[in-house]
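Notes for the one structure printed next.
Just so you know, these numbers use all the heavy atoms, side chains as well, and skip hydrogens, waters and symmetry mates. In listed order, ligands and their atoms are each counted from 1.
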Amino acid sequence: MVMPMDYQLNFNTFVSMNIDQLYDIYKQYPSIQTDTRQLKAGDIFFALKGPNFNGNTYAAAALEKGAAFAVIDEEAYFTQPEKMMLTSDVLETLQQLALRHRQSFDIPFLAITGTNGKTTTKELVSTVLSSALKTTATIGNLNNHIGVPLTILRIPSDAAIAVIEMGANHEHEIESYCKIARPTHGIITNIGKAHLEGFGSEEGVRRAKGELYDFLRQHNGTVFVCNEYPYLMEMSKGIPTVITYGQKSADYIGQPLADSALLSVKVTSHEGIGQIDSQLVGAYNFPNVMAAVAVGLHFGIPAEKIQSAIATYTPSNNRSQVIKQGSNTIIMDAYNANPSSMKAAIENFAGITAEKKVLLLGGMMELGPDSVKEHQALVDLLQRTHWHAVVLVGGDFIKTNHPYIFLENAAAAASWLQQQQFTDTYLLIKGSRSMGMEKVIL
Ligand code: ATP
Ligand code: MG
């Protein structure tokens, strides 16, 4: 992550205590908070800085609100030395404390990264694991330089396993998270096109996500790999333990059944699981489900618990939800979009058996110089299938050649949809987060 200059400069030389001393305080008060609005009595407040705020200015208020301790990095706010640590950089101190805490555990740490499906996989895996083991997993999408250490600092001393989502839009980010989380196990869900602005190319994405494999290769690690992605199989070479899942010739084998809106998976390699009718949309969730099956069986979770944990998991956040509206079925996938997840969603939608299928697709952001080309590639893909209607909404779709309806934004798409009065129709709604495509059906 590129920080504005003023956050990189640091004039403090005086550090009021070391990490071991802070760790002793943390052991007494093991709840970290970075936002005074959510602070509870007994929390340790970390005064992080952002583009529009300086946590140091809230440190005194945090203590007044009952914080047990505050970590700050500007001397001017070092007003209560007995309840404050003055450090050279609060974020770095948070990361060092997380590493210190990490080093107190001798349990599996499973890191999950990849272009698409990290959160879904993390949630499926952690739902399965927590049905039998004390599991701490990343909450929501807190997968960055702040979220990773905060997740580690939530792990209680009696935890049996930790599951950590790691996101990245630049090289060396995953490497830096691995240095803090020190994973013993890893999953790269897949590698596709996303954040091309930051990575430069798909090759850049591959190198960046591969930093997880690099760490595990160097530290006697174990990876779970979907053997349907040859590039992942290739990249995982040399890692001491490679466990595979997929549709054939893998350690854990299953078949996707996705002719309806929701995915079912039939696990054939291991008895007792059988068919899992998931609440997830799309064949593209097949590897995510199989990852959870593989991890669950590997860590000794009973088959029936794996089965029911996956079958009952419902995604949130407009992440591939199926919504019934009258006689219509809406696949709401407005959480985010990039060329690879769009392609997966369109191909999956093409495979659903239904008479009337309508797509409302919002533009994809952060694609850099290839943006128009990537939007055009999707338009070309769309044209291979007959659809009842296609509406392209905003973004660089405006610069593509297409035979479809183009509308400026989600609000315009919402009015269009209202006018149509569709019945017995399947609708796929997807687009980048900032397009707010969920508003189409509000
Ligand atoms: P983020 O980068 O925002 O953290 P993520 O990698 O955690 O995203 P999810 O939140 O699990 O991904 O899923 C986001 C979207 O990615 C889903 O709604 C779906 O469209 C798509 N997706 C999920 N799994 C896959 C997959 N295996 N292959 C392609 N696309 C997928
Ligand atoms: Mg995520």
Side-chain angles (χ1 to χ4, degrees), residues 111-127 137-145 147-148 151 163-170 173-174 177 187-199 205 208-209 212 224-229 231-232 245-247 254 256 258 261-263 265 278-292 313-323 330-349 351 359 361-362 364-366 378 381 428-435 437-438:
I112 300 180
T113 189
T115 300
N116 298 115
K118 296 181 289 298
T119 299
T120 312
T121 302
K122 179 260 305 177
E123 294 195 359
L124 286 166
V125 163
S126 62
T127 310
T138 301
I139 294 173
N141 205 31
L142 295 173
N143 64 14
N144 66 6
H145 58 296
V148 170
T151 302
V163 183
I164 314 236
E165 176 174 338
M166 298 181 177
N169 45 26
H170 290 89
E173 259 183 283
I174 300 291
Y177 302 158
I187 297 177
I188 299 179
T189 54
N190 53 46
I191 290 176
K193 295 172 181 168
H195 303 294
L196 291 181
E197 262 173 14
F199 289 123
V205 185
K209 308 289 179 189
L212 173 59
F224 299 90
V225 185
C226 178
N227 73 351
E228 284 161 42
Y229 300 121
Y231 55 86
L232 288 182
Y245 52 91
Q247 294 189 46
L262 294 175
L263 169 74
V265 172
S278 83
Q279 309 297 312
L280 299 159
V281 177
Y284 54 81
N285 273 304
F286 169 74
N288 307 346
V289 166
M290 283 308 293
Y313 168 70
T314 36
S316 53
N317 251 351
N318 300 319
R319 204 185 288 119
S320 309
Q321 285 173 305
V322 174
I323 303 168
I330 299 163
I331 298 176
M332 176 56 77
D333 195 357
Y335 169 71
N336 68 11
N338 52 53
S340 41
S341 75
M342 273 286 200
K343 182 167 179 282
I346 292 167
E347 284 171 349
N348 176 69
F349 198 52
L359 299 95
L361 302 179
M364 300 172 291
M365 303 301 153
E366 285 189 63
L378 277 187
L381 173 71
L428 172 67
I429 301 179
K430 186 169 173 71
S432 271
R433 185 80 298 277
S434 61
M435 294 301 303
M437 289 299 285
E438 66 279 0

Practice item. Give the intermediate values and the outcome of side chain to side chain contact (heavy atoms under 4.5 Å, CB included) for residues Q247 and F286. Key: CA-CA 9 Å; Q247 294 189 46; F286 169 74; 3.5 Å; yes

N/O of [X] under 3.5 Å from N/O of ligand 1, yes or no?
X: N141; result: yes
X: Y284; result: yes
X: G117; result: yes

At a 4.0 Å threshold, what atoms of ligand 1 neighbour a non-hydrogen atom of [X]?
X: T120; result: 9 (P), 11 (O), 13 (O)
X: D333; result: 17 (C), 18 (O), 19 (C), 20 (O)
X: N143; result: 4 (O)
X: A344; result: 29 (C)
X: K118; result: 1 (P), 2 (O), 4 (O), 5 (P), 6 (O), 7 (O), 8 (O), 11 (O), 12 (O)
X: Y335; result: 3 (O), 10 (O), 14 (C)
X: T119; result: 4 (O), 5 (P), 7 (O), 10 (O), 11 (O)
X: N190; result: 26 (C), 27 (N), 28 (N)

Practice item. Record the part of E165 in heavy-atom contact with ligand 1 below 4.0 Å; permitted values are side chain, backbone, both and neither. Key: side chain

Check your understanding: What part of T189 sits under 4.0 Å from ligand 1 if we count only heavy atoms: the side chain, the backbone, both or neither?
Key -> neither

Can you sort out the partners of [X] under side-chain hydrogen bond (donor to acceptor under 3.5 Å, both in side chains), two or more places apart, ordered by chain and number?
X: K118; answer: none
X: Y229; answer: none
X: N143; answer: N141, E165

Look only at the side chain of [X] and the backbone of [Y], and say whether a donor-acceptor pair between them is shorter than 3.5 Å.
X: E173; Y: H170; result: yes
X: K122; Y: G140; result: yes
X: N285; Y: V281; result: yes
X: D333; Y: I429; result: no
X: R433; Y: A334; result: yes
X: T115; Y: G192; result: yes

With distance as the sole criterion, is a donor-acceptor pair present between the side chains of [X] and [Y] under 3.5 Å?
X: T120; Y: N288; result: no
X: K209; Y: T189; result: no
X: Y313; Y: Q279; result: no

Check your understanding: Can you find a non-hydrogen atom of T115 under 4.0 Å from ligand 1?
Key ->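 Yes; T115 lies near enough to ligand 1 that a heavy-atom distance drops under 4.0 Å.
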
Review point. Would you call K430 a ligand 1 contact, heavy-atom distance under 4.0 Å?
Key: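 The answer is yes, since K430 has a heavy atom less than 4.0 Å from ligand 1.
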
**Study point:** the Mg ion (ligand 2) - number of protein N/O/S atoms closer than 2.8 Å
**Key:** 3

